[in-house]
Colleague: 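Quick one: the structure is below, questions incoming.
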Amino acid sequence: MKRFRILAAVLGIIAVLSLPAFAAETIKIGAVLAVTGPASFLGAPEAKTLEMLVDEVNAKGGINGKKVELIVKDTQASPEKAVSFAKQLIDEDKVFAIIGPSTSGETMAIKNIAEEGKTILLSCAAAEVIVNPVAKYVFKVAPSDRYAVEMIFSQMKKMGIAKIGVLSSNTGFGKAGKEQIEKLAPEHGIRILVNEVYDKSATDLTAEATKIKAANVQAVVNWSIEPAQSIVIKNIRQIGLTIPVFQSHGFANIQYAKAAGAAAEGVLFPASRLVVADSLPAKHPQKAAVASYKKAYETRFKEDVSTFGGHAYDSLMILAKAIEKAGTDKEKVREAVEATKGLAGTAGVFTFSATDHNGLDMNAFAMLTVRNGRFAPAEK
Amino acid sequence: MTLLEARSISKRFGGLQAVKDVSFSVAQGSIKAVIGPNGAGKTTLFNLLSGFIAPDSGEVLLRGMPVQDLPSHAIATRGLSRTFQHIRLFGGMSALENVMVGRHVRSRAGFMAGMLNLAWTRAEERDIRDRALDSMEFLGIGQLAHANASSLSYGQQRAVELARSLTSEPEILLLDEPAAGLNMRETADLAVLITKIRDRGITVLIVEHDMSLVMNISDEVVVLSYGEKIADNKPLAVQKDPQVVRVYLGEDEC
Amino acid sequence: MFLELFFQYLVAGLTYGTIYAVVGIGFNIIYNTTGIINFAQGEFVMLGGMTAVSLHAFLPLPLAIAGAVLVTMAVGGLIEMLFIRWLVKPSVLRMIIITIGVSILIREGALHLWGEGIRSLPYFTGNEVSAIEIGGVRVSPQVLWALGVAAIVVLLLNVFFHYTMLGREMRACASNRDAAALCGIPTRNMVTLSFVVSAGIGALAGCVVSPITQTQYGIGAGLAIKGFTVAILGGLGNSMAAVGAGFILGILESFSIWVMPTAYKDAISITILLAMLFARPSGLFGNSEAARLKEF
Amino acid sequence: MFQRFRHITALAAAIAAVQLLTAATGKEFFLTQLTMAGYYTLVIIGLCLLMGYAGQISLGHAGFFAIGGYTSAVLTTVDLSAWKAAPAISLLAKSGILTGRADLYGGQILTVHPWAAFLCALCITIVVAFLIGVPVLKLKGHYLAMATLGFGTIIYSVVLATSRFGAADGISSVPAFPLLPGLAVTGGSSQRVANYYFAWLLVTVGMLLLINLIHSRVGRALRSIHGAEDAAGAMGVDAARYKLNTFILSAVYAAVAGVFLTHYNGGIGPSEASIMKSVRYVAIVAVGGMGSLWGTLIMSAVLNFLSLRGYFGTFDDAVFGSILIAVMLFSPEGVLKLDIRSLVGRWIRTDRKAGA
């Protein structure tokens, strides 16, 4: 008898779940994110951020009085799943826009699908190719690696560095950074003597560090988002290399600095202002956005914000502003997103145009360092 | 005419000289027996002749062609078929399917033909089935065709194994202790059966450690002891050979 | 300079090798009593590291490590009792698939328990930048810790399996389970015990390498593949050989980085390993007769 | 014999019924994931032949899928127009092996024709499978598992390390694969139904070929190798050659699936070559029942469909792991062999006992 009741309950739950959600007057937004799997460093905070924001927005009565309905799909960083989910969201759920994917490979896999489905795509991945050449419906909110690289190179010029070694992980993030470094180095008079790609799940990188040591370079640049970026600086210091170490903006997650401990001291990296929210001057344009996001996220999830969660924040904010302005016509909202000007987000101040679907410039980054286990602005 | 010939073949396993410098030949159309007490190297000799193991030295000639370096399946293709002392049927297949595998060497449908199931493959398949059933009828086990091979009794499994070998229409058939586990009546039936097989034009080489079965039906008998050949003659002559008598009296057979 | 570099790469190789070896040993213990490869071995390493980090928040390091080892041993035993113990004559493939399933479950459980963040234990001696220098070659003290622990574990295992009654009974189980049962050895308990022991060793490995490799929920799969590789390459069932094979793989990887682009490190080292395996199909230090006995 | 065709007819009917059902209930979007699941099923039935009938495990089958997919992706996306003047290129262009098309941004590019790329992918797969198969298949048991895993790792790390293959990003903008005038393998929603039928037509044909094969002389030989390899040898079955041929055949199945799924998705990424993917294939074969092509087909269609729809959210792997364990514990011969009645019966009995 008891079994019967359980069975009935299960059936009831299934029945409720399969009912169509209250379709009336909601704005459906899809999110295709790598919540678990090898790129969970990106996708997990992004998914949490969206969840939090949508709750916030709905608590305030939604956008223009319409509730937001969020559909998160976990791709586990597989392009084939991203393709499946993008089609599902566009054809079936008829979402208004898609946020994500988290990685460049997945974004490139669904760029065409968004374009053909005339659905706005706000990618959280960094690669330049996502918006260059420009596709009408595809935007990206993560700052291009180009600006991060240029910032590093100008810092190097100040420090008199001309010979460098480059390490990157074999992920989309690592690849995109490496390509920008290779492209921009000659313009800045910098020679790359070692250029190595290591595995994203590497557990020790002493041999790579040794290769750098043997090449007699003046500085090292490491480009990755995985735990390996903490390992690499430890190994560099352990084998006695004392040269400056530069990291990508992927380092802007305090847990990496904590994991590297003493080895992280003095590491230089460009990062969005989100990670130094507390030390931003009150009149800084990003101060409000950055501080409120950081506070809300850290209270709710009891963990430090990362810039990647910030990308999700920015995409939803940009979208929400555009919907507020243009209503619920997809085409008009697309135009409104493209017309966004001076919108302060966590990654920087966005100004999109028909030819610029990224909307950020070098100002998105500040040069940071690690001092006493905390992120701090690098002295100019 | 000599069908199968061993020329001073030897095989050593670690410290054990299993077969030492053994030579003999089998005439076409005859029944020849290899006997010897337990551990005399009979099964090793069989494995050497059928390509399961390669000899350390010496040659095996099948119709004058050296085959000692060929793998067992290649030797089977050349017309030599064998049974096993410990029955080796294919589990999970019916008795008929087991017997049909015996026809492998005399059919040719490969991967492509099998996948496309062409008219000639279907015809070949029917032929294989008919011949397999024939062999089973010949051995009186036609009614077992659709039984699962591993569910059969010991004697039935032996018969299926024999049918499998016969279906390949071998030039020469090697029987490894076919009478093991049979009672006297069954052994007598087996003797008749082996002569019938010979009468079909199949040369038979049979391994036994018990002389009684082979003496009546064999044309010639080879006797092994500790890996060496000690006699090779007509049954009657072998029985009188003093060395053979000594080996057999000195050994206590279980 | 050349010699200095050579030794520095060698040290790097030893570091990799130690990590692979300690994982590889765990595979052998379960293989030795059950004849199966436990693909959840990497997860034991992860669990050990993660639990130790969590316990270290309120316990001193040695206690945290001991606690983590105990917890993981309990998990190992539980897994055996839940999923393996009551199977009647399971095929090897069935057991392998079950362990793959278990490894996925542990990994996902860890993700939902600890999140995707990375953690690590503090260095046992020194800190992230300290190193011991010998003639220009520098090595982190943690590598020496890992080497030492690996050496002690191998030594203890050898003593255990060859000189204690329990160890001998476990080996008897491995070579012939039915015969062992006939001799009155409680074979089922032996299998549970082997899971407990290998979970413990995995957890210990996870703690000792945690400062080097750091620990994250997904680290197990990668380590398991490397551990499996060295266990096979050494010749299944031989812990000493796994250590040797671990060093060979580590040094191959390290030196391949010296002369080739790092990106092809795995491709190069695995190609060489496969070539070795083809030349000696039962492992580098294995015995071909013994290997033939243990098939699917 | 007749049973064979009954089964195939039932499969065809089921395929049509699913399509009609989705059309009738307005769920035709499901066809997208069903199409993708169809291609994965092709890989998995090929692997089932290798594992269940030739008794050889392969933990590197995603590698063959990737060889097919990547070969086709590279050849159909690399722009050769810069070398248009070169005699070899212009000759190929004239013979129709090369084809011009507009890319996403309106530029005109010259690439290898998908059909030529397809043939190329098949040839490469066969050669690689042969070269790998000869030494690998000499190994047994865990050693075989390790060697195939190694092969998979090599393919994965080469794909991931080579910029020509798009490294971590993979290759996107792969064009449609023209089959007939008006019919192409492409992800566009206008061709959704046609693509569903094409994918499952491939599966049906693949299934028919495999079923014919296992009921033929070769299939009998394969099963005999599985049963007793030495006795099979004594019957003239060349075990090494049959294993190798089966290995190549199943690699070809994987590669064909790789080619078409890549064109269907418009791209391929390194995750398709990963070890986890290979493990998944092996696991589905085990769940479907090692020697059961039909069980494998059903499990593959169901599990891949559910996973591609994202039904399990972030618990996708966890659900998959649980299914693996449950099937292996309660029905090790595969789900089709699960004796539901006896299980339920036992359940009811224990229930009564508990109640009493």
Colleague: Output the residues of residues 122-135 of chain D for which the shortest heavy-atom distance to chain B is under 4.5 Å, in residue-number order; output 'none' if no such residue exists.
Modeller: none

Colleague: Relative to chain B, which segment of D/His215 carries a heavy atom at a distance below 4.5 Å: side chain, backbone, both, or neither?
Modeller: backbone

Colleague: Which residues in residues 150-167 of chain B have any heavy atom lying under 4.5 Å from a heavy atom of chain D?
Modeller: B/Arg164, B/Ser165

Colleague: Is the ring pair D/Phe64/D/Phe247 parallel, tilted or perpendicular, if the boundaries are 30 and 60 degrees?
Modeller: perpendicular

Colleague: By a 4.5 Å heavy-atom criterion (distance strictly below it), what part of D/Ile214 contacts chain B: side chain, backbone, both, or neither?
Modeller: neither

Colleague: Who are the side chain to side chain contact (heavy atoms under 4.5 Å, CB included) partners of B/Ser72, not counting sequence neighbours?
Modeller: B/Phe52

Colleague: D/Ser58 versus D/Met51: any side-chain heavy-atom pair under 4.5 Å?
Modeller: no

Colleague: In terms of heavy-atom proximity below 4.5 Å to chain B, should D/Ala240 be classed as side chain, backbone, both, or neither?
Modeller: neither

Colleague: Of all the residues in residues 134-141 of chain B, which have a heavy atom that comes within less than 4.5 Å of a heavy atom in chain D?
Modeller: none

Colleague: Could you check whether D/His263 and D/Phe118 have their ring centres less than 6.0 Å apart?
Modeller: no

Colleague: Quick one: are D/Leu209 and D/Tyr253 in side-chain contact, heavy atoms under 4.5 Å?
Modeller: yes

Colleague: Between B/Glu125 and chain D, which part of the residue has a heavy atom less than 4.5 Å away: side chain, backbone, both or neither?
Modeller: side chain

